[in-house]
Each structure stands twice: as structure tokens, then as C-alpha cells.
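Okay, so here's the structure we're looking at.
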Number of protein chains: 2
Amino acid sequence: MSELLDTKQKILDAARVLFAAHGFDGTSVRDIANTAEVNVASVNYHFHSKEKLFFSVIDDCYAQSEAEIELLASKYVKLEELSVAIFRYFILNEDLVLNHFKMLTSTHGDLYFSKLVGVDKHSGPPGHQAIVRAIQKEVAGNLSQEDLHWAVTTIYSHIGHTSIINSCFLKHRPEVPFSKMEDLEKFLRRLVNAILIELKSKA
Amino acid sequence: MSELLDTKQKILDAARVLFAAHGFDGTSVRDIANTAEVNVASVNYHFHSKEKLFFSVIDDCYAQSEAEIELLASKYVKLEELSVAIFRYFILNEDLVLNHFKMLTSTHGDLYFSKLVGVDKHSGPPGHQAIVRAIQKEVAGNLSQEDLHWAVTTIYSHIGHTSIINSCFLKHRPEVPFSKMEDLEKFLRRLVNAILIELKSKA
DNA sequence: GTCTATAAATAGATAGAC
DNA sequence: GTCTATCTATTTATAGAC
């Protein structure tokens, strides 16, 4: 690997961690360069500006997670197991979720987020489509667009929200009741099954 | 009202909006002073530091929302209606939710968040206890601590997450399917009922 | 309590040597 | 492509007059 790619990747790796931990405005280019053990000037040389580096980080996270979650999806047929697998993936790759979420909640983040989630294609964030397919496979009867949308956004919201709460809070507070990973997973499974029962009762 | 309280409150009001929109690091004391139409130096005079102002904003939001949600809770007995009422409150007071959430996802935010949600007292964030009471009232049979915790965290997570997504994204993207408030409320009602059915089936 | 002025530190970005 | 040095702007915080 050339030195060019090496430096670029070191910057991307350091930036992903620091942006996730301290946000865009809370992270300086100097922090990133120091963590990446590269020269300060190389950041702007390779990424032109701090903002473009941030977007590169998001793109990097998105491309990586989309590929990895599609791989996950191919291994699970049951919605319950797929949901837990995606949840575990989010927990193990918390930088990814936190960066996406902090970008969304930052100024004008919704503009960039629109591009990411592919509103026009209705493809949604990473893992979204895999959950859609699993629901359609599991519930034999006719599902309206509304049924499907309700189920997938409810499950996906729960996975995303719980990942964030765990990464930022629960994992530092083991004394909170039902905050262990096994409890969080059990609760997710319970929600998935409650939703499946509701869908099947209508079909 | 004295000039002192007037200035303090003007600063708190401006800071709440700006911190929610741009985050702690993305907001300067000068921005706040300009928006509040007060002198720059008065911010540190009244709040000692930017960080202490931030915590004051959070305390302010918390105290206000806790009182107002308790008032809401006294007006609704049905869990479904209470949940929708809390959701609407969060939508109408988005600064509050966004500030709490950004604080949580900021560096060391979990320390302060612990204080807010009252881990020791297990009281949870604003509206949490009201939902607990509504569930207990609605489901006649014996509910274990686990049943109750699952139901309340699932409902509350959904309300919180949907509020954030709506404030930051959906309300700017009306073309996204099922993103209108009436759809979001319908989906919330459907989740609440699915959870109640699950709880009653076990009781 | 409010103001101006300023201290002291840090930010993003770039010029120019190598 | 990498480095040092630096420019310009902005930040938080405070000192001191009123």
C-alpha cells in the first residue's frame, strides 16, 4: 500500500473515532492529525477542508456498513435473528451509528442525511432493506405498504435508538436495571415477536 | 420582574434554541449574547462559564418539561392517548428533546445524563413515570418488573426517537412516505396497542 | 449589572521549502 | 506528499471604567 493511501486511511480512521466521540465542532483538525500521527497540513492536503473530511468519514462508514450488513442479512432468514444481528453490529461499530446520528442532528445535517438514506429510492439506512425483506418473507399474508412501513420503522428505530443509548449511557451504567446486552437483546426479540403477532393477526 | 432575571432568562432562552440547533461546540457565547440581545460579558457574569450555562439550560428544560408532562399525565388515563400526548409535547418542544439528546451524545454527557434521569431513584426522563403508571393501570393482571420495563422503555424509546427524527429530518422532507404527523401518531398508537396485547396475553 | 477593551488560547487554512 | 511556519479569524474569559 502506498504512503498516500496509508496517510488518507489513518486520517479517516482517527477522524471517525474523534467525530463520533466529540462531534464535528468538538474535534479539531489538529486533534485528528495528532491521533492519526500525521502532519497537520496533510489533512487539508488530502481532504481539502474539515467539512469535506467529515463527509468522507460518513461516506466511508456508510459504504462499509452497507456491505457488511448485507452480508449479515444473507446469513439469517428469521426476522428475530436478523434484528439481533444488526443490533449487535451497531453495538460493535458504535462510531458508525454515532457519526450518522450526530450528523443528522447537526445543522443542515438533514440535507446530507437525505442523500445517505436515499429518500428518492426509498432504500433507507443500512440494514433497513434487509429487515423489509425478512418481514415480507416471514409474514405470509398480504402486507400493505403501511403495514410494512410501520413494522420496519418501528423495529429499526428501536435498534438504532437502543444502540445509541447503550453506547452513550447504558454501557457506562451497569447498575441500571435491564441494561446488560442480554437484556437489551431479549427486549428487542420481544418487540419483534409482538410486531409479528400483530401483523399476522391482520393478515 | 427585575432586570437581572430578565437578562438571565433572555440568555437561557437564546441558549436553549442555539444549543439545540448547533450543539455545545457549534454555538459561541457571542452568538447567544447577540440572539438574546444582551452584552457579551453578561453571559459569563450570570453563568460563570459557557459550560455552566449549558448545564443551566438542561436543568431549565428538565424542570419545565417534567412539570408540564406531569400536568399532561393527569389529563389522560388511556396509555394510548397519554403516549400520543407526550409525543406531541416533544414535537412542540423540540429544543428540549434535542438538547437532552445532544447532551447525552456529547463527551461525558452520560455523567450529567445520569443525574437527570435519576438512575438511583429509577425515575427516568420526563414522562417516563407517567407511562409506567398508565401501563400498570391498563393491564389488570400481574406485571413483573421485566414486563413493565420492557413496555415502558419500548414505548418511550419510540416516542423519543421519532421526535428526534421528525425534528431533524422528516419535517423537512414531506415527500418521505408516512412522514406526516398523523401517520407518525397512527404508528405510535399501533405500537402501543401491540404492546398492550402482548402484555395482556401473558397476564 | 452593564459596558468596552483586551488578554490568551485555539481554530481552519495555506504558503513555500524540501 | 510531507514538513515548518504563519496568517487570519474566532474563541472563552476577564479586567476595569461607569
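The chains referred to below are lettered A, B, ... by the order of the sequence lines, with proteins before strands, and numbering in each begins at 1.
- A straight line from CD1 of A:Ile32 to C1' of C:dT10 spans 15 Å, rounded to a whole angstrom.
- We find that CZ of A:Phe47 is positioned 11 Å from P of D:dT2, with the value rounded to whole Å.
- A side chain to side chain donor-acceptor pair (under 3.5 Å) check over residues 92-102 of chain B, counting only residues at least two apart or in different chains, returns the pairs B:Glu94-B:Ser167, B:Glu94-B:Lys171.
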With pairs defined as Watson-Crick or G-U wobble and both distances under 3.5 angstrom, please note down DNA chain C as a dot-bracket string, | for pairing with another strand. ||||||||||.|||||||

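- In this model, the phosphate group of C:dT4 is approached by a side-chain N or O of B:Asn39 to a distance below 4.0 Å at OP1 or OP2.
- Applying the side-chain hydrogen bond (donor to acceptor under 3.5 Å, both in side chains) test to A:Arg88 and every residue at least two apart in sequence or in another chain returns A:Glu185.
- Residues forming a side-chain contact (heavy atoms from CB on, under 4.5 Å) with A:Ala15 (at least two apart in sequence, or on another chain): A:Phe19, A:Ile32, A:Leu53, A:Val57.
- At whole-Å resolution of the value, CD in B:Glu37 and C1' in C:dG1 are 18 Å apart.
- Take B:Ser49 and apply the side-chain hydrogen bond (donor to acceptor under 3.5 Å, both in side chains) test, not counting sequence neighbours, and it matches no residue.
- A close approach under 4.0 Å does occur between a side-chain nitrogen or oxygen of B:Thr7 and OP1 or OP2 of C:dT2.
- For B:Asp59, the salt bridge (charged side-chain N to carboxylate O under 4.0 Å, His left out) criterion is met by no residue, not counting sequence neighbours.
- Between the NE2 atom of A:His46 and the C1' atom of D:dT2 there is a distance of 8 Å, given to the nearest Å.
- Less than 6.0 angstrom separates the ring centroid of A:Phe101 from the ring centroid of B:His161.
- Applying the salt bridge (charged side-chain N to carboxylate O under 4.0 Å, His left out) rule to A:Lys180 yields the partners A:Asp183; only residues at least two apart in sequence or on another chain are considered.
- Here A:Asn34 pairs with nothing under the side-chain hydrogen bond (donor to acceptor under 3.5 Å, both in side chains) rule; sequence neighbours left out.
- The pair A:Lys10-A:Asp13 does not count as a salt bridge, with every side-chain nitrogen at least 4.0 angstrom from each carboxylate oxygen.
- Rounded to a whole Å, the CG atom of B:Asn34 is 12 Å from the P atom of C:dC3.
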Base-contact (B) and sugar-phosphate-only (S) positions in nucleotides 11-18 of chain C, heavy-atom cut-off under 4.0 Å, - elsewhere: SBBB----

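- What separates NE2 of B:His22 from C1' of D:dT11 is a distance of 17 Å, to the nearest Å.
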